[in-house]
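Single-structure report; data block below.
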Amino acid sequence: MKTIKIKTKADGKNDVKVLVIYTGGTLGMVYDAQTDSLVPFDFAQIPDNLPEMARLDFEISVLTFDYLLDSSNMNPKVWMELAEIIQENYSKYDSFVILHGTDTMAYTASALSYLLENLNKPVILTGAQLPIGVARTDAKENFITALEIAAAQTHSRPVISEVCIYFNSVLLRGNRARKNESVQFNAFESENYPVLAEAGIKIEYNKPYLKHYDQDAILKVHQTFDENVLILKLFPGITQKVVRNVLEIKGLRGVILETYGSGNAPTDEWFLKLMKEFVDKDIIFFNVSQCNGGRVTQGRYQTSHFLQEIGVVSGADITTEAAITKLMFALGQSNDIQEVKKILKRSIAGEMS
Ligand code: ASN
């Protein structure tokens, strides 16, 4: 990994220092004629592509991954590496901007929000729908504004002290965001939590919804994920054979049960029996709705009553992205089922309410 310093207007006196971590994604891609597809490029070329950076009045350093990733190749090992990089550089920099592909950005933002306990500096993820070299690219606005948000301070304190996604003029809490658009520029939404800031002529922060800055917070970085999990999405017509087969996967410890509406599932005898059988085998089920908005309320309908009774954990208004990363995180924290359930039930970093 190499770190380069970008030439800006910073004068070296009390300047805010931002570390950009470039992981890959469309933002830094160029067209490769050989494969007729988009491939990552060397970020050392960024000043040529984004001369506007020279006009910013804070220090910017860029750390580039040795292997640039299309974010479809993201995984828990890289999340832990990112957390480690932030830990190592925490005292040297005031804030962090992570350049990341859009496909799995919401998963990475969620994972980092759990890994970085007691964070009191901004960690802003951004990327683009069009590569930076393309004339109509959204990369420039996304990147420059993400840098400005990362550098924003009031009374020498950062305005933001949590993991966020900045994209297409809106700042979202990272673990509340999801990618909902693959063609238009407005790639991300946060159905169950208000936008944290809107960037127009001015950047307007939605102060009541920002995580409070805690001067005494000391960063604690966690380093564990258990990948023995799966997402079981219900659909009308799902068979007993399918459900049994996935639940019998060797080593499985946790399941995101993607249910209908406010947490409802079929009440067929075979389904209820299977659920009970695997709950008794200490598989943890976390109930997350297939709806983007609203929340799981187990027991509201007869079709979720049984799940409540047998000890399925309600995911309330959490997204699937935040839920699967939380499940991996919680299982990594403890081998005790009750302890894992306790972690799932409480909000770790504002991911559910
Ligand atoms: N496939 C790309 C990625 O997630 C998509 C993007 O960045 N717009 O890395």
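Heads up: numbering here begins at 1 and tracks the sequence. Nothing here was measured: the structure is a model prediction, and the numbers come from that model.
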Inset, instruction - Would you please name every residue forming a side-chain hydrogen bond (donor to acceptor under 3.5 Å, both in side chains) with Lys342, sequence neighbours left out? - result: none
Inset, instruction - Verify, without hydrogens or angle tests, whether Arg176 (side chain) and Ile318 (backbone) share a donor-acceptor contact under 3.5 angstrom. - result: no
Inset, instruction - Would you please say whether a donor-acceptor pair under 3.5 Å links the side chains of Lys121 and Ser95? - result: no
Inset, instruction - Look at the side-chain heavy atoms of Ile, Leu, Val, Met, Phe, Trp and Tyr, link any pair under 4.5 Å apart, and say whether Val243 and Val229 land in one connected group. - result: no
Legend entry - Distance-only side-chain donor-acceptor flag, Ser113 / Asn175, under 3.5 Å: yes
Inset, instruction - With sequence neighbours left out, write down each residue that passes side-chain contact (heavy atoms from CB on, under 4.5 Å) with Lys77, or none if nothing qualifies. - result: Asn75
Legend entry - Pair His100-Thr23, side-chain donor/acceptor within less than 3.5 Å: no
Legend entry - Exam field: side chain Ser289 to backbone Gly263, donor-acceptor pair closer than 3.5 Å: no
Inset, instruction - Name all residues meeting the side-chain hydrogen bond (donor to acceptor under 3.5 Å, both in side chains) criterion together with Ser190; count only those two or more places apart in sequence or in a different chain, and write none if there are none. - result: none
Legend entry - Transitive ILVMFWY side-chain link Ile86 to Ile218, under 4.5 Å: no
Legend entry - Test item: Gln184 side-chain N/O and Asn186 main-chain N/O as donor-acceptor pair under 3.5 Å: no
Legend entry - Contacts of Gln129 that satisfy side-chain hydrogen bond (donor to acceptor under 3.5 Å, both in side chains) - sequence neighbours left out: none
Inset, instruction - Please answer whether the main-chain N or O of Glu59 pairs with a side-chain N or O of Lys17 as donor and acceptor at a distance below 3.5 Å. - result: no
Legend entry - Salt bridge Lys281-Glu277, side-chain N to carboxylate O under 4.0 Å: yes
Inset, instruction - Would you check if there is a donor-acceptor pair between the side chains of Glu141 and Tyr166 at a distance under 3.5 Å? - result: yes
Legend entry - Side chain Thr104, main chain Ser71, donor-acceptor under 3.5 Å: yes
Inset, instruction - Examine distances only and state if a side-chain atom of Ser304 and a backbone atom of Tyr301 form a donor-acceptor pair shorter than 3.5 Å. - result: yes
Legend entry - Backbone N/O of Ala322 and side chain of Thr325: donor-acceptor pair under 3.5 Å: yes
Legend entry - Centroid separation His222 to Phe329 less than 6.0 Å: yes
Inset, instruction - Would you confirm whether Asn287, through its side chain, and Ile256, through its main-chain N or O, come within 3.5 Å as a donor-acceptor pair? - result: no
Legend entry - Same apolar cluster (I L V M F W Y, side chains within < 4.5 Å links), Leu344/Met275: no
Legend entry - Ser72 and Asp70: side chain donor to acceptor below 3.5 Å: yes
Legend entry - Shared hydrophobic cluster for Ile337 and Leu247 (ILVMFWY, side-chain gaps under 4.5 Å): no
Legend entry - Distance-only side-chain donor-acceptor flag, Asn292 / Arg178, under 3.5 Å: yes
Inset, instruction - Flag this pair as yes if the NZ/CZ of Lys207 is under 6.0 angstrom from the six-membered ring centre of Tyr205 and inside a 45 degree cone about the axis; otherwise no. - result: no
Inset, instruction - Identify, with sequence neighbours excluded, every residue that meets side-chain hydrogen bond (donor to acceptor under 3.5 Å, both in side chains) alongside Gln215. - result: Arg157
Legend entry - Glu84-Gln223 side chain donor-acceptor pair, cut-off 3.5 Å: yes
Inset, instruction - Please write out which residues are connected to Leu130 in a hydrophobic cluster, directly or through intermediates, given that two of Ile, Leu, Val, Met, Phe, Trp, Tyr count as joined at side-chain heavy-atom separations below 4.5 angstrom. - result: Val134, Phe185
Inset, instruction - Examine distances only and state if a side-chain atom of Thr137 and a backbone atom of Pro131 form a donor-acceptor pair shorter than 3.5 Å. - result: yes
Inset, instruction - Determine yes or no for a side-chain-to-main-chain donor-acceptor pair under 3.5 angstrom, with Asn206 supplying the side chain and Val195 the backbone. - result: yes
Legend entry - Check: Tyr209 ring centroid to Tyr193 ring centroid under 6.0 Å: yes
